[in-house]
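Taking it in order: structure first as structure tokens, then the write-up.
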Amino acid sequence: MVTEIEKKWQKKWQDSKIFESNPDNREKMYITVAFPYPSGAMHIGHGRTYTVPDVYARFKRMQGFNVLFPMAWHVTGAPVVGIAKRIERQDPWTLDIYKNVHRVPDDELQKFTDPEYIVKYFSSEYHDDMTNMGYSIDWRREFRTIDPHYKQFIRWQIRQLKDKDLIHKGSHPVKYCPDDDNPVGDHDLLEGEGVGINELTLIKFPIADSFLVAATFRPETLYGATNFWLNPEAEYVKVDYEGEKWIISKKSFSNIIHQKESMKIIEDVNPNDFIGDYVLNPMNGTKLPIFPASFVDPDYATGVVFSVPAHAPADYIALEDLKNNAELIAKYDLQEQIDNIQLISLVNLKGYSEYPAIDFIKQYNVTSQEDKNLKEATNEIYKLEHAKGIMNENTGDFEGKRVADVRGEVIEKFINENIADKLYEFAEKPVKCRCGAMCVVKELHDQWFVKYSDKDWTNRTYECLEQLEVVPKEIRSNFEYYLDWLEDWACSRRLGLGTHMPWDEKWLIEPLTDSTIYMSYYTIAKYMNQINPEDLNDAFFNKVFLNQEGANDGSVNQIDEGLTKQIQEEFQYWYPLNWRLSAKDLVGNHLSFHMFHHAAIFPQKYWPKGITVFGMGLLEGQKMSSSKGNVILLSEAIDKYGADTVRLFLMSSAEPWQDFDWRETEVNGIQRRLEAIGQFAQKVEDITGQKVELTVENEVPNVEKSINKWIISQVNKNIGVATEALEGFQTRKALQSSLFLFRKDVDHYLNRITQVSDEEKDTLNYIVNVWIRLLAPFIPYTTEEIWDQYNNDEILMSELSWPQMDESVVDEKIEKAEEMIQDLAKDIKEVIKITKTTPETIHIYTAPKWKYDVYEIAQEVGKPNVGEIIKKSMQANLCDNKKELSKFATKAGKTFNKINYVGQIDEVAIITDALGYLESEVGAKIVVYDEPTYDPQNKSSNASPYKPAIYLE
RNA sequence: GCAGGGGUGCCCGAGCUGGCCAAAGGGGGUGGACUUAAGAUCCUCUGGCGUAGGCCUACGUGGGUUCGAAUCCCAUCUCCUGCACCA
């Protein structure tokens with residue numbers, strides 16, 4: 001049944017074309033959200049991402065803006081290619097995820113061996129889900145990033161950057177699967193997700209005609225090298241690399257070959273032949289003896305290690321192990337060499353001895369080189385020396401400098417002297433591809449880079465950042481940081497779907513690079529079906545986007561002049577983009593690129609005006625993740641709860657940039673609330689006994705009674721808060737006032753009114769009229785349905801105007817009056833409870849005017865200055881009873897700041913007005929006095945403004 | 001390590017330009033009304049004490065500023081997120 005209502009409105013929206021936006025004379029509002037990469041089904045986390053802009057779009061539309069909210073599909077990239085391959089070889093994990101998490105039927109799953117089919121399947125599913133969620137999208141502008149028209153646009157974009165000299169050639173390391181012969185992303189890994197790639201320094205130690213090549217994170221420690229380690233159990237090889245002969249472990253060769261392709265094995269060598277021999281420290285020619293060590297991992301880096309026992313716990317403990325191993329010493333005849341080893345300190349570390357490695361071994365209780373604690377001790381000393389270490393007198397020119405500052409210099413120096421090289425290695429191992437093979441670090445050469453490091457460009461992008469709004473504002477500092485930090489970005493790929501580099505066809509344009517300025521493409525996308533993609537040349541795009549004639553490549557616009565003009569005008573109408581919405585984790589790449597590319601290509605007037613970021617989604621407190629199966633599909637949520645409930649929950653449980661948590665009990669709570677709203681108009685009819693009449697115009701009714709004034713004041717206050725909140729994308733805050741607090745006020749009002757006259761009828765009708773408007777952006781189906789039921793106009797709810805706050809009916813005194821009534825009822829009940837009595841009559845004494853006058857004085861004084869308040873009160877001669885006056889003035893001085901003083905109100909009239917309500921609340925007869933004509937216990941002196949005295953009898 | 005953001009009552013979370021704050025709202029729980037019953041709905045309570053509307057203890061911990069601090073300052077403990085070539 002719910003579905004039928006939803007379908008009905010979807011059709012009406014579609015037929016009326018109210019979400020198809022064309023330029024007109026209204027003010028425009030252009031909003032986009034990161035288009036999805038449809039490699040899986042849409043879940044409730046995605047649902048939040050796309051509901052936020054829809055709510056904003058609907059809100060702005062009601063405010064009278066011409067809103068454009070388009071959608072497209074980002075299908076370029078490598079992941080689907082990997083998925084297709086895995087489906088093809090019937091990878092059980094992949095099949096399971098797609099069957100049971102993404103709910104793909106078997107007959108469809110079979111077709112998933114084609115990556116293009118995967119994105120086609122899911123983008124069409126996304127489209128349906130978005131329609132079912134009621135998104136007010138202009139679907140005429142829908143496209144996929146592999147459409148030929150779009151590809152032309154991307155070629156234009158990349159040529160723009162190239163022409164501005166912002167694209168250049170270079171090389172960089174990637175995770176790589178040797179079996180697949182392809183780079184792999186984190187999602188393609190079986191093991192080693194999130195593992196980083198570290199840069200190590202290789203140091204070449206001469207030995208005879210060759211070099212033993214050791215890898216290190218701490219090249220500066222070469223000053224403290226005392227000996228050398230090889231693993232006698234491992235296999236080693238001699239290789240030729242650029243004319244030099246290197247000795248490294250056999251296992252490491254198969255890694256290194258992916259970075260140093262010209263390397264060739266000459267022959268196997270036996271590590272035992274080297275043990276006991278010497279290498280030379282390339283820096284100073286010192287002879288370093290070669291010792292055996294089991295901790296040396298032949299799989300890591302080069303399988304060759306130089307030893308710095310003063311600063312490396314592993315080296316120290318290995319040396320100790322060796323000293324205690326008479327058998328090994330005898331085997332290699334190492335006694336004399338061991339006796340000659342002298343520890344060399346090279347870093348001063350405050351709080352530690354000359355040889356910090358020894359301190360750390362003690363501190364971490366490391367007993368041998370096989371000890372588990374060794375790794376931790378090593379990590380700690382590395383970190384500490386890097387952060388706080390100072391190079392000492394053994395390090396020549398570097399003495400007195402900080403380790404952190406020196407390392408880069410050392411690397412540069414060694415490389416210049418040709419005693420060092422570099423090597424990339426995983427921070428952790430193993431890193432295993434889904435195909436089962438071990439991944440390696442590969443260095444890709446001839447790569448194309450976007451020059452985000454360019455100073456001028458970065459500065460221009462800063463200007464772009466400065467002129468736009470960031471929601472939430474705390475994120476701005478992140479952007480400032482990232483714009484500076486961004487290095488050159490590898491923008492070409494070998495694998496995946498996408499657009500080829502126009503000048504170097506073997507490369508594809510990387511998928512983040514092809515989605516930086518596509519917001520401009522939406523503005524022209526609806527015309528593309530009239531145009532042949534080949535005709536979309538640089539001259540055309542230059543004209544439309546930059547209003548320039550001709551192009552660098554000599555092309556001439558082939559498209560009809562009139563059409564070109566129309567397209568250009570449409571672009572100029574919608575641009576610049578008002579709001580860009582995207583996930584929090586895209587701050588450092590996509591959103592920054594978005595600014596960079598706009599700053600580079602477009603004139604300042606077309607730079608984006610605002611950015612809003614999203615938080616993550618949790619499911620019952622756990623992180624949502626498709627790959628772990630911890631998700632609820634949006635389509636299933638809609639089936640179970642209905643789109644409006646899903647929307648309402650997603651928008652009310654957290655602000656967009658915060659993490660939301662889908663908890664079933666809370667979703668149920670929201671659903672019940674939604675039902676109550678759906679029935680509210682009916683409830684009002686039951687109360688008033690007449691038909692609710694909703695009208696396009698919605699005037700504030702004229703009322704006399706305090707309680708009616710009160711609810712009208714509250715309603716308008718809520719309008720104000722909700723409006724301001726929505727302007728800043730605070731959907732939760734907006735709902736807090738337009739749903740939860742609004743409802744609390746209405747409930748209170750219904751509870752409070754003791755009769756229903758015309759005033760109340762008008763007021764209730766007004767409330768319904770405002771309420772559905774405030775909620776319309778959040779729950780479009782429900783509000784359309786209510787509107788349809790209670791009005792006769794030929795206009796859709798979605799076309800109605802947003803309610804305006806009428807400040808003239810927001811009145812603090814009215815609020816204070818109601819607050820007084822509530823406090824009074826509460827106080828009476830409390831006194832009854834404490835005294836355990838059942839009074840028959842309750843006498844209420846209001847504060848005399850002079851007490852208000854004291855408050856006026858207290859307000860004038862401002863500070864809680866009791867003396868001053870008494871003095872002024874006395875001078876003004878407010879009361880004949882001086883003792884009373886000073887007593888009350890003292891009290892006023894102490895408590896005034898706890899009271900929100902809004903001026904004098906007619907307490908007797910207000911209480912009299914609410915007499916029926918108060919009596920039913922407290923269950924006794926109430927008599928209210930202006931003057932204390934009957935006051936046996938002299939309670940009336942307790943009365944303060946807003947706080948009448950009470951006497952129970 | 002670098003950068004950014006937090007720690008509030010049973011849970012989630014607002015407040016944080018100092019005083020209307022024992023601290024919104026939701027969820028959960030409690031008692032009551034309605035109902036044959038269940039569910040839904042509505043009302044009360046949900047830090048402690050109290051025979052007159054009050055008092056005490058509280059917003060990670062320890063100090064400080066102030067007539068007054070969840071809110072400002074300092075220190076400290078602790079948690080989360082990002083650190084890329086990938087969507």
Side-chain angles (χ1 to χ4, degrees), chain A residues 34 36-37 39 74 76-80 172-175 183-188 196-197 382-384 386-387 404 444 447 449-450 472 474-478 480-482 485-493 510-513 515 583-590 592 615-616 621 652-655 658-661 663 665-670 672-673 675-676 679 683 732-733 735-737 739-741 743-744 747 750-751 816 819 823-824 826-837 863-866 893-902 937 939 942 946-947 949-952:
Chain A
Y37 182 74
S39 64
H74 192 210
T76 40
V80 281
H172 90 284
V174 292
K175 284 178 191 164
V184 287
D186 264 351
H187 31 261
D188 296 321
I197 293 173
Y382 277 28
K383 261 193 242 170
L384 208 62
H386 178 72
L444 290 180
Q447 210 4 318
F449 285 83
V450 186
E474 300 83 60
I475 299 290
R476 183 178 288 277
S477 56
N478 284 348
E480 284 166 1
Y481 176 78
Y482 278 119
W485 166 83
L486 273 167
E487 295 287 328
D488 294 349
W489 177 267
C491 65
S492 53
R493 283 301 111 86
E510 182 273 330
L512 284 181
T513 311
S515 58
K584 219 182 222 169
D585 45 330
L586 296 182
V587 168
N589 48 54
H590 166 72
S592 293
M616 308 273 121
S652 68
S653 66
E655 299 294 5
Q658 298 172 324
D659 295 350
F660 76 92
D661 191 358
R663 288 180 191 256
T665 54
E666 309 219 0
V667 180
N668 287 330
I670 286 287
R672 289 201 297 271
R673 261 171 207 262
E675 278 163 16
Q679 293 155 7
K683 190 175 174 182
R732 180 191 152 93
K733 189 173 180 191
L735 277 172
Q736 202 65 232
S737 62
L739 177 60
F740 298 101
L741 296 177
R743 187 177 153 184
K744 212 189 158 208
D747 284 346
L750 293 178
N751 207 27
K816 199 75 203 175
E819 198 185 310
D823 287 347
L824 189 57
K826 212 175 117 193
D827 285 348
I828 293 169
K829 281 193 253 181
E830 202 181 324
V831 174
I832 290 173
K833 195 182 122 202
I834 295 163
T835 56
K836 291 173 187 144
T837 54
K863 283 198 169 180
N865 186 338
V866 176
K894 283 180 182 159
T895 58
F896 187 76
N897 276 325
K898 293 269 179 198
I899 294 152
N900 178 28
Y901 184 68
V902 297
Q937 290 192 10
K939 290 284 184 191
N942 289 336
Y946 313 143
K947 198 170 174 63
I950 308 162
Y951 170 52
L952 306 194

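Lettering of chains follows the sequences in order, A, B, ..., and the numbering in each one begins at 1. Every value quoted in this text rests on a predicted model; they were computed, and no experiment measured them.
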Given Watson-Crick and G-U pairs under 3.5 Å, RNA chain B in dot-bracket ([ ] crossing, | other strand) is ((((((((.[[[..)...(.....]]]((.(((.......))).))(((....)))...[[[[[..)....]]]]])))))))....

How long is the gap from [atom1] on [X] to [atom2] on [Y], to the nearest 0.5 Å?
| X | Y | atom1 | atom2 | answer |
| --- | --- | --- | --- | --- |
| Glu655(A) | Phe660(A) | CD | CZ | 13.5 Å |
| Asp827(A) | Lys947(A) | CG | NZ | 4.0 Å |
| Ser652(A) | Leu739(A) | OG | CG | 7.5 Å |
| Glu510(A) | Arg493(A) | CD | CZ | 5.0 Å |

d([atom1], [X]; [atom2], [N]) in whole Å:
| X | N | atom1 | atom2 | result |
| --- | --- | --- | --- | --- |
| Glu675(A) | rG39(B) | CD | P | 16 Å |
| Leu586(A) | rU81(B) | CG | P | 17 Å |
| Lys584(A) | rG82(B) | NZ | C1' | 10 Å |
| Asn865(A) | rG68(B) | CG | P | 14 Å |
| Tyr901(A) | rC20(B) | OH | C1' | 15 Å |
| Asn668(A) | rU41(B) | CG | C1' | 16 Å |
| Asp659(A) | rU81(B) | CG | P | 9 Å |
| Phe660(A) | rC12(B) | CZ | P | 17 Å |

When the [atom1] atoms of [N] and [M] are considered, how many whole Å apart are they?
| N | M | atom1 | answer |
| --- | --- | --- | --- |
| rU30(B) | rC43(B) | C1' | 13 Å |
| rC12(B) | rU66(B) | P | 36 Å |
| rG15(B) | rG9(B) | C1' | 14 Å |
| rC49(B) | rU35(B) | P | 35 Å |
| rG54(B) | rU46(B) | P | 15 Å |
| rC80(B) | rA58(B) | P | 28 Å |
| rA24(B) | rG4(B) | P | 33 Å |
| rA52(B) | rA14(B) | C1' | 34 Å |

Are the side chains of [Y] and [X] in contact, using a 4.5 Å heavy-atom criterion?
| X | Y | result |
| --- | --- | --- |
| Asn900(A) | Glu819(A) | no |
| Asp661(A) | Glu666(A) | no |
| Asn942(A) | Ile950(A) | no |
| Phe740(A) | Arg673(A) | yes |
| Ile834(A) | Glu830(A) | yes |

On RNA chain B, check which nucleotide each of Ala490(A) and Arg663(A) is closest to and give me the residue with the more 5' one.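 Its nucleotide being nearer the 5' end, the pick is Arg663(A).
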
If you find the nucleotide of RNA chain B closest to Gly77(A) and the one closest to Leu486(A), which residue's nucleotide is nearer the 5' end?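 Looking at the nearest nucleotide for each, Leu486(A) comes out on the 5' side.
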
Quick check for you: among rC43(B), rA87(B), rG4(B), whose closest atom lies nearest to any side-chain atom of Ser477(A)?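 The closest nucleotide is rG4(B).
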
Quick check for you: among rC85(B), rG5(B), rC2(B), whose closest atom lies nearest to any side-chain atom of Glu474(A)?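 For the Glu474(A) side chain, the nearest candidate turns out to be rG5(B).
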
Tyr37(A) vs His74(A) aromatic rings, parallel, tilted or perpendicular, using cut-offs 30° and 60°?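 Tyr37(A) and His74(A): perpendicular rings.
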
Can you label the angle between the Trp485(A) ring and the Tyr481(A) ring as parallel, tilted or perpendicular, going by 30° and 60°?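 Aromatic pair Trp485(A)/Tyr481(A) classed parallel.
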
Could you run through nucleotides 45-54 of chain B and give me one letter per nucleotide, 5' to 3': B if any protein heavy atom sits under 4.0 Å from the base, S if only the sugar-phosphate is that close, - if neither? -----BBBBS

What does nucleotides 23-34 of chain B look like as a protein-contact string, B for base, S for sugar-phosphate only, - for none, at under 4.0 angstrom between heavy atoms? -BBBS-------

Answer yes or no: does a side-chain N or O of Lys898(A) lie under 4.0 Å from OP1 or OP2 of rC20(B)?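 For rC20(B), OP1/OP2 do have a side-chain N/O of Lys898(A) under 4.0 Å.
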
For Ser592(A) and His590(A), does a side-chain donor sit closer than 3.5 Å to a side-chain acceptor?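 Absent: no donor and acceptor within the cut-off.
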
